[in-house]
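Following: one structure in structure tokens, then a few remarks.
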Amino acid sequence: VQLQASGGGLVQAGGSLTLACTASGTIYRINDMAWYRQAVEKQRELVATIPSGGSAAYADSVKGRFTISRDNSKNTVYLQMNSLKPEDTAVYYCNARVGTIQAMGVVWRDYWGQGTLVTVSS
């Protein structure tokens, strides 16, 4: 299973970007999908998460500005980022809890995308 993220780039403060992350491989099912970010010299933090069914959850710092969504038919999670601020500058990573069918049954594990850089200039 691989997660491929895209959509990062350079944007001015107040602008918008949309990130996408697609899971590929022999996938039985995907449960939670999420976006994390890591700024320079800071720990990785959870930005938003969305279950396979149910409501999304957001970090306080992005509530009202970011929207996470998913297209289960495409195994893809999106992050729409509006009203971007310089403090949103970070490498953004997607994460997915993926089940694959193994000899012993369904095995669940977390997978990570490669990261995509978002830079917000002031």
Tightest non-hydrogen contact, residues Tyr92 and Met81, listed as CE2-SD, 3.9 Å
For the pair Arg97 and Asp110, find out whether any cationic side-chain nitrogen is under 4.0 Å from an anionic carboxylate oxygen. yes
Donor-acceptor pair, side chain of Thr89 and main chain of Thr119, under 3.5 angstrom: no
**Report entry** More than 12 heavy atoms from other groups under 6.0 Å of CD on Gln102
**Finding:** yes
Table please: side-chain donor-acceptor pairs of residues 53-67 below 3.5 Å, with sequence neighbours left out.
unit_1, atom_1, unit_2, atom_2, d
Tyr58, OH, Ile68, N, 3.0
Asp60, OD1, Lys63, NZ, 3.2
Ser61, OG, Arg37, NH2, 3.4
Arg65, NH1, Ser83, O, 3.0
Arg65, NH1, Asp88, OD2, 2.7
Arg65, NH2, Ser61, O, 2.9
Arg65, NH2, Asp88, OD1, 3.0
Arg65, NH2, Asp88, OD2, 3.4

Next on the checklist: Is there a side-chain contact between Gln80 and Ser16 in this structure, where contact means two heavy atoms from C-beta onward sitting under 4.5 Å apart?
Outcome noted: yes
Between Leu3 and Ala23, the two heavy atoms sitting closest are CD1-CB, 3.8 Å
Derivation and outcome, side chain to side chain contact (heavy atoms under 4.5 Å, CB included), residues Tyr28 and Thr100: CA-CA 5 Å; Tyr28 168 70; Thr100 58; 5.5 Å; no
>> Tell me whether Arg109 contacts the main-chain N or O of Gly99 through its side chain, where contact means a donor paired with an acceptor under 3.5 Å.
In response: no
Scanning both residues in full, the closest heavy-atom pair of Ser122 with Pro86 reads CB-CG, 3.8 Å
_Leu79 side chain reached by Thr18 side chain, heavy atoms, under 4.5 Å_ = no
*Start with the C-alpha gap between Thr116 and Leu19, add the side-chain angles, then the distance that decides, and say whether side chain to side chain contact (heavy atoms under 4.5 Å, CB included) holds.*
CA-CA 8 Å; Thr116 184; Leu19 307 182; 4.0 Å; yes
Separation between OG (Ser6) and CD (Gln114), nearest 0.5 Å, reads 8.0 Å
In this structure, OG1 of Thr76 is separated from CD of Gln4 (nearest 0.5 Å) by 11.0 Å
Under 4.5 Å between any side-chain heavy atoms of Ile50 and Asp32, yes or no? no
Are any non-hydrogen side-chain atoms of Trp112 and Arg44 less than 4.5 angstrom apart? yes
Minimal heavy-atom distance between Ala96 and Ile30, with the atoms involved, is CB-CG2, 4.1 Å
Requested in this report: Applying side-chain hydrogen bond (donor to acceptor under 3.5 Å, both in side chains), run through Asn72 and Arg70 and close with a yes or a no.
Outcome: CA-CA 6 Å; Asn72 292 328; Arg70 61 191 286 174; 2.7 Å; yes
Cys94 and Val77 have their tightest heavy-atom pair at CB-CG1, 4.5 Å
One should read off an interatomic distance between Tyr36 OH and Asn95 CG, to the nearest 0.5 angstrom, of 5.0 Å
On a heavy-atom basis, the closest approach of Ser121 and Leu10 is CB-CD1, 4.4 Å
Are the side chains of Met33 and Pro51 in touch, meaning some heavy atoms are under 4.5 Å apart? no
d(Leu46 CG, Tyr93 OH) to nearest 0.5 Å is 15.0 Å
Here the gap from Ile27 atom CD1 to Gln2 atom CD, rounded to the nearest 0.5 Å, amounts to 10.5 Å
Sorted by chain and number, sequence neighbours left out, ring pair (Phe, Tyr, Trp, His ring centres under 6.0 Å) with Trp108 holds for none
Open item on the list: Do Leu17 and Val118 have side chains that approach each other closer than 4.5 Å (heavy atoms only, starting at C-beta)?
Closed with: yes
